[in-house]
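What follows is a set of notes on a single structure, which appears directly below.
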Amino acid sequence: MKIAIIGATGFVGAPILREAVSRGHQVLALTRNAKNIPATGSVAVEKVDVHDTAALAQAIVGYDMVIHAFAPPRSDSMETRIARQAQGTGSIIKAIKQSGVPRLVAVGGAGTAEVAPGVPLMNSYFFPPEYEGGARSTAVIKDLLQSEDVFDWVFISPPNFLEEGPRTGSYRTGKDNLIIELSTGRSHMSTADYAVAMLDEIETPRHHRQRFTVGT
């Protein structure tokens with residue numbers, strides 16, 4: 001499968017790139033930091049500004065799938081992160097439509113996952129305020145995708161704590177609920193296992209134009 005990854009050098013994008021390559025896919029890494037990814041026989045690298053819709057559309061023509069792993073810098077204010085994510089995601093959506101790529105898989109956030117029916121984590125009293133900028137900006141992706149019916153898409157929400165760690169290949173899924181480990185009460189997952197869950201969905205699609213949640 002030919003997969004284009006937007007944000008392939010990021011905290012989540014890099015493990016996704018490694019997982020896709022390990023499974024034998026042909027990958028196009030689209031990034032602002034092209035020098036950080038060496039081109040190989042299975043990885044093509046292209047420096048593209050996510051806000052340059054025309055260049056982005058041209059780069060992804062002929063690909064089977066686009067992975068949206070773009071995220072604004074964490075150092076930005078919450079308002080700036082929300083605005084940048086809205087602009088970037090809007091550009092990605094336009095590029096998908098112009099290029100004819102049939103499916104978009106987006107790296108979601110835990111903030112929109114529900115801790116009670118109709119109550120997203122980011123609106124709960126125990127949600128750490130220092131994570132609000134990331135949660136609100138990632139929620140923009142979900143909001144924008146939910147109005148799209150031209151192409152297939154999926155938004156994958158991780159657990160509350162997504163951290164570097166080993167690849168176990170084991171995970172659970174939900175629909176809108178935050179995945180919590182019943183024995184400990186923790187909601188966590190390694191970025192490597194998140195990448196496994198994403199590639200499993202890409203190779204064997206089970207969700208269409210919807211969000212689902214993952215966790216260990």
Return the minimal non-hydrogen interatomic distance between [X] and [Y], and the atom names on each side.
| X | Y | value |
| --- | --- | --- |
| Phe151 | Val101 | CB-O, 4.1 Å |
| Ala113 | Asn177 | CB-C, 4.4 Å |
| Thr138 | Gly108 | CG2-C, 3.4 Å |
| Gly13 | Ala69 | CA-CB, 4.1 Å |
| Pro15 | Val12 | CD-O, 3.1 Å |
| Gly111 | Pro120 | O-CB, 3.5 Å |

Any heavy-atom pair between the side chains of [Y] and [X] that's under 4.5 Å?
| X | Y | value |
| --- | --- | --- |
| Ile16 | Ile3 | no |
| Val196 | Arg23 | yes |
| Val214 | Met198 | no |
| Thr191 | Glu163 | no |
| Pro205 | Arg103 | yes |
| Ile60 | Leu30 | yes |
| Arg136 | Arg81 | no |
| Asp49 | Arg32 | no |

Check: Looking at residues at least two apart in the chain, or sitting in another chain, which of them share a side chain to side chain donor-acceptor pair (under 3.5 Å) with Arg167?
Finding: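 Here the qualifying residues are Glu19.
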
Can you tell me if [X] uses its side chain to pair, donor with acceptor, with the backbone of [Y] under 3.5 Å?
| X | Y | answer |
| --- | --- | --- |
| Thr204 | Glu201 | no |
| Thr31 | Ala8 | no |
| Asp64 | Met1 | no |
| Gln85 | Phe70 | yes |
| Thr53 | Ala95 | no |
| Thr213 | Ser157 | no |

Next item on the list: Applying ring pair (Phe, Tyr, Trp, His ring centres under 6.0 Å), name anything that partners Phe212, two or more places apart in sequence or on another chain.
Entry: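 Listed in chain order: His207.
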
Report, as yes or no, whether the 6.0 Å neighbourhood of atom [atom1] on [X] holds more than 12 heavy atoms from other residues, nucleotides or ligands.
| X | atom1 | value |
| --- | --- | --- |
| Glu164 | CD | no |
| Glu181 | CD | yes |
| Phe127 | CZ | yes |
| Arg74 | CZ | no |

Check: Are any of the side-chain nitrogens in Asp52 or Lys47 under 4.0 Å away from the carboxylate oxygens of its partner?
Finding: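 No, this pair does not count.
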
Item checked: Ion pair check, Glu114 and Arg211, cut-off under 4.0 Å ->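 Here Glu114 does not pair with Arg211 in a salt bridge, since their nearest N and O are not under 4.0 Å apart.
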
Note to self: My understanding is that only one of Val66, Leu56, Val150 makes a side chain to side chain contact (heavy atoms under 4.5 Å, CB included) with Ile96; could you say which?
What the structure shows: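 It is Val66; the other options fail the test.
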
Notebook entry, point to check: So Ser137 and Arg84, side-chain hydrogen bond (donor to acceptor under 3.5 Å, both in side chains) or not? Walk me through it.
Noted result: CA-CA 8 Å; Ser137 62; Arg84 287 188 175 181; over 6 Å; no

